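To keep things clear, I will list the structure first and then write my remarks on it.
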There are 2 protein chains.
Amino acid sequence: MSESIPTIKEIARRLNVSVSTVSRALSDHPRISTKTKEAVKELAKALNYEPNSKAIFFKQKRSFVIGVIVPHIYEDFFSKGISGIEDVALENGYTILFGQSHDRIDKERQVVDAMKNQRVDGLIISLSKETNKSDHLKTLDAYNIPVVYFDRVPSLPGVNKVFCNLFEGTVDMIEWLFKQDRKRIAFINGPGAIIASKERLDGYIEGISRRKLKVDMQMVEQTDFSEEGTHKAVARLLALKKPPDAIISFNDYVHMDAVKYALKEHVKINEDILFASYANISVNKHTAYPPVVSVDQFPYSQGEAAMKMLMDILQHKADEDAAAKAFLHKEIPVALVYNS
Amino acid sequence: MSESIPTIKEIARRLNVSVSTVSRALSDHPRISTKTKEAVKELAKALNYEPNSKAIFFKQKRSFVIGVIVPHIYEDFFSKGISGIEDVALENGYTILFGQSHDRIDKERQVVDAMKNQRVDGLIISLSKETNKSDHLKTLDAYNIPVVYFDRVPSLPGVNKVFCNLFEGTVDMIEWLFKQDRKRIAFINGPGAIIASKERLDGYIEGISRRKLKVDMQMVEQTDFSEEGTHKAVARLLALKKPPDAIISFNDYVHMDAVKYALKEHVKINEDILFASYANISVNKHTAYPPVVSVDQFPYSQGEAAMKMLMDILQHKADEDAAAKAFLHKEIPVALVYNS
DNA sequence: GCTTACAGGGCAAACGTTTGCACCGGGTTT
DNA sequence: AAACCCGGTGCAAACGTTTGCCCTGTAAGC
């Protein structure tokens with residue numbers, strides 16, 4: 001009943017030629033006459049022939065599939081990153097196998113395993129928060145599957161990675177706030193353990209220091225990303241003898257929670273206190289009180305860059321040229337985005 | 001240099017048995033002695049053997065990959081749906097190939113083609129807005145790839161689909177608003193052309209009618225989902241001689257835009273006017289003015305249901321039993337979610 | 001007329017795995 | 001003692017495609 005899927009064999013049978021001829025005709029091999037090629041291609045089109053990429057992989061050891069693993073898909077940042085990856089992949093005839101780690105290392109392991117079983121040609125991964133060592137990714141080496149890390153990258157050097165550094169962006173943001181005549185700039189950072197927090201804090205300290213001011217650690221709060229955590233941080237800031245006239249939040253989600261609490265305290269958002277943040281997520285355009293400035297990390301571009309890097313690696317895989325095998329690093333510049 | 005990937009052959013060679021024995025041992029075939037099985041399994045583990053699923057597909061004509069195509073990943077609704085799909089897939093040993101149509105039919109075609117080339121075992125798709133006929137999905141029949149439609153489903157009957165109907169939810173929402181003593185309930189609907197708009201409108205009319213009230217079409221506005229479109233709709237509602245005391249928005253994004261405009265007009269949100277909406281997206285928990293009630297369509301559950309349905313179809317694919325081949329429909333109930 | 005060259009195309013192996021069938025040796029039936 | 005059964009295992013084909021090598025026929029070169 002289900003009329004069989006056309007194969008190269010079928011074409012060969014109908015045209016009374018051998019399968020090898022068909023194969024070569026389809027790939028424009030010079031040894032095949034134009035006439036035969038035309039006949040083959042015509043019939044292929046008529047039968048709606050599509051090569052079975054699994055069989056090709058089997059022969060060529062390439063699957064034309066690349067794996068993409070992110071902590072969460074629901075975060076604006078990652079969904080945009082995936083779009084960047086996907087677009088470049090499609091341009092190059094690749095498809096993406098997808099998985100989420102939900103920020104858990106066991107899940108990450110499971111997904112990495114699944115990708116390995118599927119014999120992906122390469123992997124782009126943004127590490128889960130729990131992932132400090134990447135031994136589960138070492139096994140990919142044995143399978144000769146190259147890995148490109150994306151945004152949440154290991155700090156070790158011996159890897160390919162695309163990321164951005166928030167240090168400069170933070171310094172710029174502080175400069176800008178000073179120009180708006182803000183003098184008491186507070187900062188709600190994320191948990192101290194993660195690198196992203198350190199980058200931001202370093203930038204904050206540098207930014208304040210450049211104005212020859214002393215950094216007041218009372219102005220630096222921390223949140224665990226929960227609503228309560230952020231509320232408490234804001235509460236402490238507002239309770240200071242000299243409360244801040246600007247608050248930088250770790251990201252736009254923290255920003256929203258901060259605003260929510262400040263509103264309850266009758267703070268005039270972006271008047272009494274200017275609110276700044278990181279990420280520049282899409283919903284900022286819809287919310288009543290977006291941050292006046294947000295540091296955009298251009299996830300789409302990061303995704304594009306990561307996929308291009310992977311394509312590059314795949315190209316040069318067979319090369320004996322050692323130089324082509326060096327580990328690639330790419331730092332994407334950030335930019336301030338203003339909401340008026 | 002790249003130490004070779006372990007195969008079943010390698011195991012056979014080392015253990016001095018045939019590949020068939022290894023294959024059977026690995027799959028717990030009853031004819032193989034426990035001793036041999038143990039030896040094989042032990043060595044397999046030691047070598048870190050992982051079956052090459054491409055080769056298996058080749059033999060079994062199953063890839064253990066299912067394709068998932070959605071209009072956008074950045075929408076909260078779809079990202080949750082995908083998570084539901086993914087979790088069920090993983091439980092069943094399947095991995096997902098992912099693609100976005102960006103609400104364009106040409107992109108949808110391209111992605112469907114890519115999935116076909118990869119010989120996915122099945123496909124779950126939420127149609128793009130542009131897709132009215134699905135001839136490009138007909139070609140999947142020839143490849144014997146079953147399709148389950150998800151949320152954005154074709155209205156025709158001869159398909160498998162999981163969806164929810166907003167009619168009841170809308171009626172319930174109106175009832176609830178009446179109970180809050182709201183008498184002039186306005187409605188900002190989406191473009192008339194899409195089914196989702198019709199369902200909502202029908203529910204709105206039914207809800208109002210049940211109170212024996214006449215439906216005032218001045219209270220029914222429309223937006224094209226742009227910020228301006230929504231702003232104009234709100235402006236018209238506020239300019240009415242008898243402005244509304246409740247506004248239902250097409251979804252939470254429209255809701256946000258509506259609130260943003262209303263704030264400018266000094267409306268006291270959720271006091272002067274109660275705001276209600278659909279979708280119950282995650283950021284509602286962070287925003288300053290979430291809708292007091294939102295109709296949750298449980299995208300995660302829908303995703304789960306869709307994947308389970310597909311697993312079911314795949315199970316019964318070989319069945320000659322016609323009953324098992326009937327087209328499956330599943331309607332997921334919605335629920336009101338209140339934000340206090 | 002004979003060799004040589006080359007264009008055009010076919011044969012068959014290989015990729016990793018599954019599976020129907022055959023085989024073998026020892027124990028049970030008759 | 002012949003016939004049978006059965007647990008345990010091996011053989012080989014098959015899946016769709018690519019590719020190194022070989023074969024054939026015709027035309028050019030001598």
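It should be emphasised that the depicted structure is a prediction, and the values quoted were computed from it without experimental measurement. Chain naming here is simple, since letters A, B, ... match the order of the sequence lines and numbering starts at 1 in each.
In this structure, the OH atom of B/Tyr143 is 16 Å from the C1' atom of D/dC15, given to the nearest Å. Here D/dG10 presents its P atom at 15 Å from CZ of B/Arg13, a figure rounded to the nearest Å. For the pair A/His29 NE2 and D/dT18 P, the interatomic distance rounds to 12 Å; values are reported in whole Å. B/Asn117 places its CG atom 14 Å from the C1' atom of D/dG16, with the value rounded to the nearest Å. In this structure, A/Ile11 atom CD1 and D/dT17 atom C1' are separated by 12 Å, rounded to whole Å. Between A/Ile32 atom CD1 and C/dC6 atom C1' there is a gap of 14 Å when expressed in whole angstrom units. The nearest whole Å value for the distance from the CD1 atom in A/Ile5 to the C1' atom in D/dT17 is 15 Å. Atom CG in A/Asp28 sits about 15 Å away from atom C1' in D/dT18, given to the nearest Å.
Side-chain contact, B/Ser53 with A/Asn117: no donor N or O sits under 3.5 Å from an acceptor N or O. Side chain to side chain, B/Gln118 and B/Ser63 fail the donor-acceptor criterion of an N or O pair below 3.5 Å. B/Ser23 and B/Ser20 share no side-chain donor-acceptor pair at under 3.5 Å.
Listed by chain and residue number, B/Asp103 satisfy the side chain to side chain donor-acceptor pair (under 3.5 Å) test with B/His72 (two or more places apart in sequence, or in another chain). A search for side chain to side chain donor-acceptor pair (under 3.5 Å) contacts involving B/Thr36 returns B/Ser33, not counting sequence neighbours. With sequence neighbours excluded, the residues forming a salt bridge (charged side-chain N to carboxylate O under 4.0 Å, His left out) with B/Arg104 are B/Asp106, listed by chain and number. For A/Val153, the side-chain contact (heavy atoms from CB on, under 4.5 Å) criterion is met by A/Tyr149, A/Lys161, A/Phe163, not counting sequence neighbours. With sequence neighbours excluded, the residues forming a side-chain contact (heavy atoms from CB on, under 4.5 Å) with B/Leu90 are A/Lys107, A/Gln110, A/Val111, listed by chain and number. Every residue two or more places apart in sequence or in another chain that forms a side-chain contact (heavy atoms from CB on, under 4.5 Å) with B/Leu47 is listed here: B/Pro6, B/Glu10, B/Ile11, B/Arg14, B/Leu43.
Contact annotation: B/Ser23 side-chain N/O to C/dG16 OP1/OP2 distance is not under 4.0 Å. Close to D/dT9, at under 4.0 Å from its OP1 or OP2, lies a side-chain N or O of B/Ser33.
Note that the two end axes of the helix from C/dG1-D/dC30 to C/dT30-D/dA1 enclose an angle of 70°, each drawn from 5 base pairs, rounded to 10 degrees.
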Where protein sits on nucleotides 20-27 of chain D, one letter per nucleotide: B base, S sugar-phosphate only, - none, heavy atoms under 4.0 Å
B-B-----
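Applying the salt bridge (charged side-chain N to carboxylate O under 4.0 Å, His left out) definition to pairs two or more places apart or across chains, those involving residues 20-29 of chain A are A/Asp28-A/Lys37, A/Asp28-A/Lys41. Annotation: salt bridge (charged side-chain N to carboxylate O under 4.0 Å, His left out) contacts involving residues 50-73 of chain A, sequence neighbours excluded, comprise A/Glu50-B/Lys116. Contacts classified as ring pair (Phe, Tyr, Trp, His ring centres under 6.0 Å) and involving residues 46-65 of chain A (residues at least two apart or in different chains) are given here: A/Phe58-B/Phe58, A/Phe64-A/Tyr94.
If A/Lys9 and B/Ser18 are placed on DNA chain D by their nearest nucleotide, the residue sitting closer to the 5' end is B/Ser18.
Nucleic acid contact for B/Thr36: sugar-phosphate only, since backbone atoms but no base atoms lie under 4.0 Å from a heavy atom of the residue.
For residues 47-64 of chain B, proximity to DNA chain C is found at B/Tyr49, B/Pro51, B/Asn52, B/Ala55, B/Ile56, B/Phe58, B/Lys59, B/Gln60, defined as any non-hydrogen atom under 4.0 angstrom from a strand atom.
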